[in-house]
Amino acid sequence: MDFKSSVIYQIYPKSFCDSNGDGIGDIRGIIQKLDYIQSLGVDYIWSTPFFASPLRDNGYDVEDYRKIHPLFGTMEDVEELIEKAQERGMGLMLDMVFNHTSTRHEWFQKALAGDQKYMDYYIFKDGEPGEPPTNWQSKFGGPAWEYVPYLKKWYLHLFDVSQADLNWKNPAVREELKNVIRFWKEKGVKGFRFDVVNLISKPDVFEDDPAGDGRRFYSDGPQVHEYLKELTADTGIGDMITVGEMSSTSLEHCIRYSNPAEKELTMCFNFHHLKVDYKDGNKWELAGPDYHNLKTLFETWQTQMEQQHGWNALFWCNHDQPRIVSRLGDDKKYWKESAKMLATCIHLLRGTPYIYQGEELGMANAGYQSIDEYRDVESIHYYQILMQSGKTQEEALEILRARSRDNSRTPMQWNSGKYAGFSKKQPWIGIPGNYKYINAEAQEQDTDSILHYYRKLVALRKQYRVVQDGTVEFLYQEQAEVFAYRRVWEGQELLVLNNLSGREVVLQEAVSGTGYQCLLGNYRQEEVEGLEVLRPYESVVWMKM
Ligand code: TEU
Ligand code: CA
């Protein structure tokens with residue numbers, strides 16, 4: 001495993017490829033597309049959950065960690081996927097949702113039946129109806145506690161009411177989860193992504209949050225590092241690729257999670273850079289992007305991680321985020337330029353880049369016009385909350401069009417044929433009309449496409465040690481829209497200049513092209529004497545050796 005030279009491709013199976021024509025993507029669909037994935041040059045495939053589940057949260061509500069949901073396929077299909085990916089030099093990473101289980105999980109069902117052993121697997125608190133133990137709020141909206149009248153107890157759910165939080169204080173719970181890892185390791189899985197893993201350690205005392213939703217008490221909680229060290233050591237995954245999804249985390253904690261000396265995880269996802277277009281930190285209030293904040297965040301995380309030996313996961317997109325080209329780019333006039341520019345920004349930084357299915361095609365937000373088109377539990381819940389807070393239907397829909405998780409869950413656009421080549425049947429979620437021109441087949445033909453550009457970026461990481469190991473220095477501090485950095489490793493120097501904005505930008509200090517070779521660009525691909533102006537969303541990648 002070499003995490004420094006690796007690139008990871010993320011798949012949301014429900015929306016990737018439907019092999020049996022029921023309108024839902026499945027594991028055999030992934031197998032069919034392995035050559036395509038390999039053609040990107042990636043090393044690992046991370047699939048979001050396909051385990052047995054009532055699918056209230058599309059599989060993040062796990063009912064059995066060792067069974068495959070029949071909609072997605074069978075255990076034999078997964079084994080074949082592991083094998084065929086391996087034949088193509090790619091490892092499969094699975095998504096371990098260990099902060100909570102579905103309330104349909106056998107453990108929770110036994111707890112509900114009053115079995116003390118299993119009640120201790122979860123976080124139950126005695127109480128009266130109408131008086132939850134704390135005022136904490138669920139991340140999907142509404143209270144984080146649910147009352148079970150006949151037990152006279154409340155249980156904690158930081159997410160949907162059907163996702164009950166596990167009690168990691170209980171060593172029996174930790175053993176159960178280690179066995180899940182061992183099970184998948186034996187099947188030949190090569191890495192793991194751990195869902196909201198910095199939320200697993202809850203405080204000793206549960207108290208009201210006077211000024212927030214409670215996250216201050218359980219994010220990066222008291223025993224989280226201890227638990228991760230134990231999990232990694234006891235399952236022997238220390239030399240596999242592991243990534244923790246960290247919710248409302250801090251740089252200090254992420255350095256500890258990812259510093260190899262700590263033996264916790266290979267790297268972390270954090271979301272600070274994906275909140276620069278939230279108004280006062282609120283996802284459900286629209287605001288334009290704050291480029292200054294964006295640049296400062298990247299600079300701080302990159303330089304601190306480098307100095308203190310942490311490792312970043314580099315990403316713009318996943319199954320919870322709106323599409324980056326619609327969000328920070330321009331999905332109309334400068335669609336191609338801005339998609340390439342955004343990719344350039346992160347792929348040449350210090351860390352491990354992730355490509356989320358369709359990102360490599362510049363897939364855009366869903367553009368749904370009616371609430372009936374949404375499928376996501378969070379979107380549907382927040383639509384109601386927004387309407388109750390006094391927004392009009394049109395205002396609420398406008399917010400969902402920008403912020404809904406369904407923006408990233410539309411079917412993968414394979415070709416311009418019926419249902420975008422995703423399925424033979426009406427898919428479970430609507431396809432944006434732009435699949436006629438945004439699709440894999442069209443971009444395969446066009447050597448100037450976003451798809452080909454991503455392949456080049458991935459290849460650069462493999463080709464040059466400076467991309468893997470170089471130091472990072474951010475440039476043009478005063479110019480917020482210029483996302484530029486220099487990377488140095490032994491005799492190699494890489495210069496990356498990006499214009500985040502849709503306007504021409506005059507560089508405060510011109511760059512001389514002398515001695516530089518042009519490696520890549522979304523406007524010019526040839527050597528120039530110097531550079532004073534960046535065109536709208538322009539990217540320039542230069543190298544000196
Ligand atoms: O997401 C964790 C999380 O807190 C956010 O990504 C959240 O979905 C959203 O941003 C809230 O506004 C992880 C999974 O990636 C997500 O799909 C699951 O729904 C969630 O955990 C619960 O398992
Ligand atoms: Ca199917």
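For ligands, and for the atoms within them, numbers begin at 1 and follow the listed sequence. Just so it is clear, the structure is predicted and the values come from calculations on it, not from any experiment.
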Quiz item: cation-pi between K125 and W145, 6.0 Å / 45°: no

Just need the protein heavy atom nearest to [atom], so name the residue and atom and give the distance.
atom: atom 20 (C) of ligand 1; answer: F159 CE2, 3.8 Å
atom: atom 19 (O) of ligand 1; answer: D57 OD2, 2.5 Å
atom: atom 14 (C) of ligand 1; answer: D195 OD1, 3.1 Å
atom: atom 7 (C) of ligand 1; answer: R405 NH1, 4.0 Å

Contact check: K139 vs ligand 1, nitrogen or oxygen atoms, below 3.5 angstrom: no

N/O separation below 3.5 Å, Q321 to ligand 1: no

Does the [X] side chain pair with the main chain of [Y], one donor and one acceptor, at a distance under 3.5 Å?
X: E373; Y: Y368; result: no
X: N170; Y: D120; result: yes
X: W284; Y: L386; result: no
X: S15; Y: R409; result: yes

For F269, the option from Y257, F194, W301, W46 that meets ring-ring contact (aromatic ring centres under 6.0 Å, His included): W46

Side-chain atoms of residues 17-25: list all donor-acceptor pairs with protein atoms under 3.5 Å, sequence neighbours left out, distances to 0.1 Å.
| residue | atom | partner | partner atom | Å |
| --- | --- | --- | --- | --- |
| D18 | OD1 | N20 | N | 3.2 |
| D18 | OD1 | G21 | N | 3.2 |
| D18 | OD2 | G21 | N | 3.3 |
| D18 | OD2 | D22 | N | 3.0 |
| D18 | OD2 | G23 | N | 2.7 |
| D18 | OD2 | S423 | OG | 2.7 |
| S19 | OG | D26 | OD1 | 2.8 |
| S19 | OG | D26 | OD2 | 3.4 |
| D22 | OD1 | I24 | N | 3.0 |

Flag for D95-Y60: side-chain donor and acceptor within less than 3.5 Å: yes

Flag for D165-N99: side-chain donor and acceptor within less than 3.5 Å: yes

Which of the numbered atoms in ligand 1 are below 4.0 angstrom from a heavy atom of [X]?
X: V196; value: 2 (C), 21 (O)
X: E378; value: 9 (C), 11 (C), 12 (O)
X: K283; value: 9 (C), 10 (O), 11 (C), 12 (O)
X: H100; value: 22 (C), 23 (O)
X: D320; value: 1 (O), 6 (O), 8 (O), 13 (C), 14 (C), 15 (O), 16 (C), 17 (O)

Heavy-atom gap F140 to ligand 1 smaller than 4.0 Å: yes

Close approach of R193 to ligand 1, heavy atoms, under 4.0 angstrom: yes

Check: Y356 ring centroid to W316 ring centroid under 6.0 Å: no

Residue-atom pairs from the protein, N, O or S only, that lie under 3.0 Å from the Ca ion (ligand 2): D18 OD1, N20 OD1, D22 OD1, I24 O, D26 OD2

Set of ring-ring contact (aromatic ring centres under 6.0 Å, His included) partners for H253, sequence neighbours left out: H225

Sequence-distant partners of R403, salt bridge (charged side-chain N to carboxylate O under 4.0 Å, His left out), two or more places apart: D277

